[in-house]
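First comes the structure, then the notes that go with it.
Below, read A as the first sequence line, B as the second, and so on, with proteins coming before strands; counting in each chain starts at 1.
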Amino acid sequence: MSGTARTIPSADPLEQLPGDLMMWVLIVSELLVFGAGLAAFLSVRITDPAGFAAAQDHLHRAAAGINTVVLVTSGFLAALAVRARCGGRRGRTRLLLAAAALLGTVFLVVKGWEFSDAFAAGLSTETHPFFTFYFLLTGFHFAHVVAGIVILALIGWKDSPHSLEVGTAFWHMVDLVWVILFPVLYLLR
Amino acid sequence: MPRDPLLRAWTALIVLCLGSTAIAVAVGSGLSKTALTAAGAVILTLSWLKARLILNAYLGLAAAPFWRKGFEITLALYALLLLGLYLSPAI
């Protein structure tokens, strides 16, 4: 993956694909699910743009912005871990994975606070279609972050270069989904 | 910009994230409807650039030209779909 990115490309497309084919099948499947959800969100928004904008004002844009930086940095540390493992530096690899997982946990804490604040304000999936999509999409993403942290812990334990490539690919997918989800839900007016 | 491709990608991602948030803050401080829509289009464009960076640098597609091209075309079409849906109420 990112740690082995500077090799000469093979002529066979399947051999070019970094990491594991099945992980890419999973990544594409997840992207399709989130992609469809965001497209549906913007489609429903067409019927009530003012209502969606008013609902969006209840969200914490600054917290979500901080979480974007946190997740992007976590992905960077995971990519560095793959590079370190390819260079045979196992101690540094585990340290970088632990730091990536820690930032993932920070993301969960901030998002958890956002959720609890929304629930305390009486917001739920029934409040407005905006919040139906908001809770479903960010809740589903939250579950993926939890799964990603577990995977980071597992590949820190069983740290073969192949496991690291596959495991961190999942983490980057979580990152990729968030950088599209964040502006669509929190920033578009 | 840093020479290390990973560090360069991370730096660019942080700059793009801050750019999106800065635009959103400007939107919050009150803009005309046209400026608001234009700001949204810019925010979507920035998120498309962020997604490309993650695919190419973090997920390693920079080293797989065949797959990179496929993902970039699909991602660009998807970004256009989101942009079209976003702009629909304004038309």
Side-chain angles (χ1 to χ4, degrees), chain A residues 1-10 12-19 24 27-28 31 35 38-39 41-43 45-50 53 57 61-62 64-65 68-69 72-73 75-80 82-83 165 168-169 171-173 175-176 179-184 186-189, chain B residues 4-7 9-14 16-18 20-25 27-28 31 33 36-37 39-41 43-68 70-71 74-75 78-79 81-90:
Chain A
M1 204 118 317
S2 41
T4 53
R6 281 155 302 283
T7 51
I8 297 165
S10 159
D12 180 2
L14 271 181
E15 283 182 23
Q16 276 183 18
L17 193 65
W24 280 97
I27 288 173
V28 170
L31 292 177
L38 286 173
F41 170 82
L42 285 177
S43 301
R45 177 184 169 273
I46 294 171
T47 62
D48 180 21
D57 284 337
R61 289 193 187 91
T68 308
V69 172
V72 159
T73 305
F76 171 60
L77 295 175
L80 286 180
V82 177
R83 181 191 286 176
E165 278 197 344
T168 54
W171 193 241
H172 296 318
M173 181 272 293
D175 205 359
L176 176 60
V179 299
I180 300 173
L181 199 139
F182 162 62
V184 173
Y186 287 85
L187 303 182
L188 290 185
R189 304 291 293 172
Chain B
D4 180 341
L6 279 180
L7 185 57
W10 176 76
T11 307
L13 281 166
I14 295 296
L16 291 171
C17 289
L18 294 177
S20 300
T21 310
I23 292 167
V25 169
V27 165
L31 286 175
K33 196 163 188 259
L36 209 68
T37 308
I43 286 170
L44 273 178
T45 307
L46 294 183
S47 61
W48 168 61
L49 292 174
K50 280 182 270 184
R52 284 186 70 221
L53 275 168
I54 290 173
L55 280 169
N56 289 328
Y58 285 8
L59 278 161
L61 287 187
F66 176 83
W67 297 101
R68 184 181 63 204
F71 271 86
T74 311
L75 186 65
Y78 180 68
L81 170 72
L82 291 188
L83 185 64
L85 290 170
Y86 169 66
L87 293 176
S88 289

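- The structure places OG of B/Ser47 at 7.5 Å from CG of A/Leu188, a figure rounded to the nearest 0.5 Å.
- For the atom pair B/Leu87 CG and A/Leu42 CG, the distance stands at 10.0 Å (nearest 0.5 Å).
- In this structure, the portions of A/Thr73 lying under 4.5 Å from any heavy atom of chain B include both its backbone and its side chain.
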Determine, stepwise, if the pair B/Ile43 / A/Phe182 fulfils side-chain contact (heavy atoms from CB on, under 4.5 Å). CA-CA 10 Å; B/Ile43 286 170; A/Phe182 162 62; over 6 Å; no

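- Here A/Leu176 contributes atom CG and B/Leu75 contributes atom CG; the two are 7.5 Å apart, rounded to the nearest 0.5 Å.
- A/Phe41 places none of its side-chain heavy atoms less than 4.5 Å from the side chain of B/Leu85.
- Scanning both residues, A/Val28 and B/Phe71, for their nearest heavy atoms gives CG2-CZ, 3.8 Å.
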side-chain contact (heavy atoms from CB on, under 4.5 Å) between B/Ile23 and A/Leu187: does it pass, once the steps are laid out? CA-CA 9 Å; B/Ile23 292 167; A/Leu187 303 182; over 6 Å; no

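- Note on A/Thr68, A/Ile46, A/Asp57: by heavy-atom pairs under 4.5 Å with chain B, the leading option is A/Ile46.
- A/Leu17 contributes atom CG, which lies 7.0 Å from atom CG of B/Leu61 (distance to the nearest 0.5 angstrom).
- Here the closest heavy-atom approach between residue A/Ala79 and residue B/Tyr58 is recorded as CB-CD1, 4.5 Å.
- For B/Leu7, the parts lying under 4.5 angstrom from a heavy atom of chain A are both the backbone and the side chain.
- No side-chain heavy atom of A/Pro18 sits less than 4.5 Å from a side-chain heavy atom of B/Leu59.
- Contact check for B/Leu6 versus A/Arg83: side-chain heavy atoms found under the 4.5 Å cut-off.
- Contact of A/Tyr186 with chain B is not made at all, since no heavy-atom distance falls under 4.5 Å.
- Looking at A/Val184 and B/Tyr86, their side chains never come closer than 4.5 Å, going by heavy atoms from C-beta outward.
- Looking at every heavy atom in both residues, B/Leu81 comes nearest to A/Ala39 through CD2-CB, 4.2 Å.
- When each of B/Trp67, B/Tyr78, B/Phe66 is scored by its heavy-atom pairs under 4.5 Å with chain A, the top score falls to B/Trp67.
- Proximity to chain A (any heavy atom under 4.5 Å) is shown, for B/Leu82, by both the backbone and the side chain.
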